[in-house]
Amino acid sequence: MDDQHPVLGIDHGEARIGLAITDPLGILAHPLETLHVQKTPVFERINALIAQRQVQQIVIGLPFRMDGSEGTAAEKIRAFTEELREHLTAPLPIHFIDERLTTVSAAEKLHAAGKNAKKQKSIIDQAAAVEILSDWLAQQSPPVFEEPHW
């Protein structure tokens, strides 16, 4: 297993938190689960998933405004991230990525797959987390493939 993967992706919302995870090689992001903030001890569950899945890093979507500035939504994510850092049982690198339009993109992909995003809110949160994680993976250095020696 790569020492940087798997990576946990988080799409934080006030009611629900969508989670996604990379495969052990960091090639693809997959939906993991949706945490219902009122029903789930969020930090306990995230720590349990980190331990169970041997997560090495965390990526959190940060909602920038369309002009690129940060507003109150971004402040809430930064506050959540600080709280998460305090509750982590082991220190992990946490990265932010611009999540503008990830929920829109996720909804479009679900619709194209024949799913109704409005009726399946927990799926949309996971799909948005997959988008966040996929975008982050795409920004990382691409894998180096050796040329075949014939």
Side-chain angles (χ1 to χ4, degrees), residues 1-37 40-66 68-71 73-110 112-113 115 117 120-149:
M1 178 181 348
D2 186 310
D3 62 350
Q4 306 240 310
H5 295 282
V7 179
L8 180 69
I10 299 177
D11 176 50
H12 182 276
E14 291 189 30
R16 292 176 313 279
I17 298 173
L19 301 177
I21 194 159
T22 63
D23 59 86
L25 298 176
I27 297 168
L28 295 172
H30 307 279
L32 186 57
E33 69 182 66
T34 298
L35 305 179
H36 296 270
V37 175
T40 308
V42 172
F43 300 116
E44 280 180 38
R45 183 64 187 142
I46 289 173
N47 273 316
L49 288 168
I50 287 170
Q52 176 187 9
R53 301 290 186 127
Q54 299 179 330
V55 168
Q56 301 299 307
Q57 301 182 72
I58 298 171
V59 174
I60 299 176
L62 193 62
F64 288 94
R65 293 179 174 144
M66 284 306 178
S69 66
E70 289 188 25
E75 288 173 19
K76 288 178 184 174
I77 301 303
R78 290 191 182 279
F80 164 79
T81 302
E82 285 312 306
E83 202 174 346
L84 175 62
R85 267 187 223 281
E86 291 169 14
H87 285 86
L88 286 177
T89 52
L92 291 177
I94 298 178
H95 312 279
F96 289 111
I97 185 165
D98 182 354
E99 70 162 25
R100 279 180 288 185
L101 305 178
T102 54
T103 301
V104 172
S105 175
E108 287 172 355
K109 288 179 181 176
L110 286 172
K115 306 277 186 210
Q120 300 179 23
K121 291 189 175 181
S122 64
I123 291 177
I124 193 74
D125 296 310
Q126 290 176 43
V130 168
E131 290 288 313
I132 287 166
L133 203 45
S134 295
D135 289 352
W136 183 80
L137 284 171
Q139 291 178 14
Q140 305 310 299
S141 54
V144 177
F145 294 101
E146 294 288 324
E147 288 294 318
H149 301 287

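This is a predicted model, so every value here is computed, not measured.
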Please round to the nearest 0.5 Å and tell me the distance separating atom [atom1] of [X] and atom [atom2] of [Y].
| X | Y | atom1 | atom2 | answer |
| --- | --- | --- | --- | --- |
| Thr81 | Ile10 | OG1 | CD1 | 7.5 Å |
| Leu84 | Ile77 | CG | CD1 | 11.0 Å |
| Ile132 | Asp98 | CD1 | CG | 9.5 Å |
| Glu75 | Leu62 | CD | CG | 10.5 Å |
| Lys76 | His12 | NZ | NE2 | 9.5 Å |
| Ile58 | Ile21 | CD1 | CD1 | 10.0 Å |

Verify side chain to side chain contact (heavy atoms under 4.5 Å, CB included) between Thr34 and His36, making sure each step is shown before the conclusion. CA-CA 6 Å; Thr34 298; His36 296 270; 4.3 Å; yes
Take a 6.0 Å sphere around CD of Gln52 and say whether it holds more than 12 heavy atoms from other residues, nucleotides or ligands.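 Yes, the 6.0 Å shell around CD holds more than 12 heavy atoms from other groups.
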Does atom CD of Glu70 have more than 12 heavy-atom neighbours from other groups under 6.0 Å away?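 Yes - once you tally the heavy atoms of other residues, nucleotides and ligands closer than 6.0 Å, there are more than 12.
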Out of the candidates Ile46, Ile50, Asn47, only one should pair with Thr89 under the side-chain contact (heavy atoms from CB on, under 4.5 Å) rule; please name it. Asn47
Quick check: do [X] and [Y] have side-chain heavy atoms less than 4.5 Å from each other?
| X | Y | answer |
| --- | --- | --- |
| His95 | Val7 | no |
| His30 | Asp23 | yes |
| Glu33 | Leu49 | yes |
| Arg53 | Leu8 | no |
| His5 | Pro24 | no |

Are any side-chain N or O atoms of Gln56 and backbone N or O atoms of Gln54, one a donor and one an acceptor, separated by less than 3.5 Å?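 Yes, because the side chain of Gln56 sits within donor-acceptor range (under 3.5 Å) of the backbone of Gln54.
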Gln57 side-chain N/O to Gln4 backbone N/O, donor-acceptor pair under 3.5 Å: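 A pair under 3.5 Å: yes.
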Which heavy atom in Gly18 sits nearest to a heavy atom in Ala129, and how many Å separate them? O-CB, 3.4 Å
If you compare all heavy atoms of Ala128 against all heavy atoms of Asp11, which two are closest, and at what distance to 0.1 Å? CB-OD2, 3.4 Å
Charged N-O contact under 4.0 Å between Glu82 and Arg85: yes
Once you measure the plane-to-plane angle for Phe43 and His87, does it fall in the parallel (<30°), tilted (30-60°) or perpendicular (>60°) bin?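 Aromatic pair Phe43/His87 classed parallel.
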